[in-house]
**Q** 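After the structure tokens below, expect a handful of questions from me.
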Amino acid sequence: MTTLASPFTRRVLSVVRRIPPGRVATYGDVAAAAGGPRAARAVGTIMRQCGSHDVPCHRVVGAGGALGGYGGNLELKRALLRAEGVVVAGSRIREFAERQWLAPRGGTARRQNPLSQR
DNA sequence: CCGTTGACGTCGG
DNA sequence: ACCGACGCCAACG
């Protein structure tokens, strides 16, 4: 095990793992949360590798609510999302803005702010 | 190390 | 709304 992947990759996997059921995140958002706002494509490359089911890769979708890809098994991706309550019409996610999940700020998030007052 | 590939994103026609 | 061109980044050969 032992971290075969680069820091960025493991960060991406970390983020995807945190996506709650019934919610979705775009490749771009995941990339940004992982520290590479311009690495949306790289996230796709990583997802493709995602052989482990520990990562809900089906919750990662395209920008604007596009379905994105799934190794040619888009039907499966649709079914999985649908099973979580996400309505998919054609290659588009309905109420995308409401379904979209954004990772909390601060990356891995630090505990609360010791002095959180603005 | 370099060139190619690809589950992306944004803009223009 | 659909298609094409560019850009960006990591993985693969």
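The basis for the numbers below is simple: all heavy atoms, side chains too, and nothing from hydrogens, waters or symmetry mates. These figures come from a predicted structure and were not determined experimentally. Here is the naming used below: chain letters follow the sequence lines, and residue numbers restart at 1 for every chain.
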**Q** What range of DNA chain B does chain A touch, first nucleotide to last, counting atoms under 4.0 Å from its heavy atoms?
**A** dG6(B) to dT10(B)

**Q** Would you check if Val24(A) and Val60(A) make a side-chain contact, meaning some heavy-atom pair closer than 4.5 Å?
**A** no

**Q** Need one value for Gly36(A): base, sugar-phosphate or nothing, where a base atom within 4.0 Å counts as base even if backbone is also close, heavy atoms only.
**A** nothing

**Q** Sequence neighbours left out, what passes side chain to side chain contact (heavy atoms under 4.5 Å, CB included) with Arg94(A)? Give chain and number order.
**A** Val87(A), Ala89(A)

**Q** Can you list the residues that meet the side chain to side chain contact (heavy atoms under 4.5 Å, CB included) rule with Pro20(A), with sequence neighbours excluded?
**A** Arg23(A), Trp101(A)

**Q** Using side-chain heavy atoms (C-beta onward) and a distance below 4.5 Å, is Thr26(A) in contact with Phe96(A)?
**A** yes

**Q** Taking the side chain as every heavy atom from C-beta outward, state whether Leu67(A) and Lys77(A) have any pair of such atoms under 4.5 Å apart.
**A** yes

**Q** Keeping the roles fixed (side chain from Arg38(A), backbone from Ala31(A)), state whether a donor-acceptor pair exists under 3.5 Å.
**A** no

**Q** Is Arg78(A) close to His58(A) at the side-chain level, that is, under 4.5 Å between some pair of heavy atoms?
**A** no

**Q** Quick check on contacts: within residues 65-96 of chain A, what sits under 4.0 Å from DNA chain B by heavy-atom distance?
**A** Gly69(A), Tyr70(A)

**Q** By side-chain hydrogen bond (donor to acceptor under 3.5 Å, both in side chains), which residues pair with Gln100(A), not counting sequence neighbours?
**A** Asp29(A)

**Q** Within a reach of under 6.0 Å around CZ of Arg17(A), are more than 12 heavy atoms found that belong to other residues, nucleotides or ligands?
**A** yes

**Q** Mark up nucleotides 3-10 of chain C, 5' to 3', with B wherever a protein heavy atom is under 4.0 angstrom from a base atom, S wherever such an atom reaches only the sugar-phosphate, and - elsewhere.
**A** ----BBBS

**Q** Quick one: are Tyr27(A) and Met47(A) in side-chain contact, heavy atoms under 4.5 Å?
**A** yes

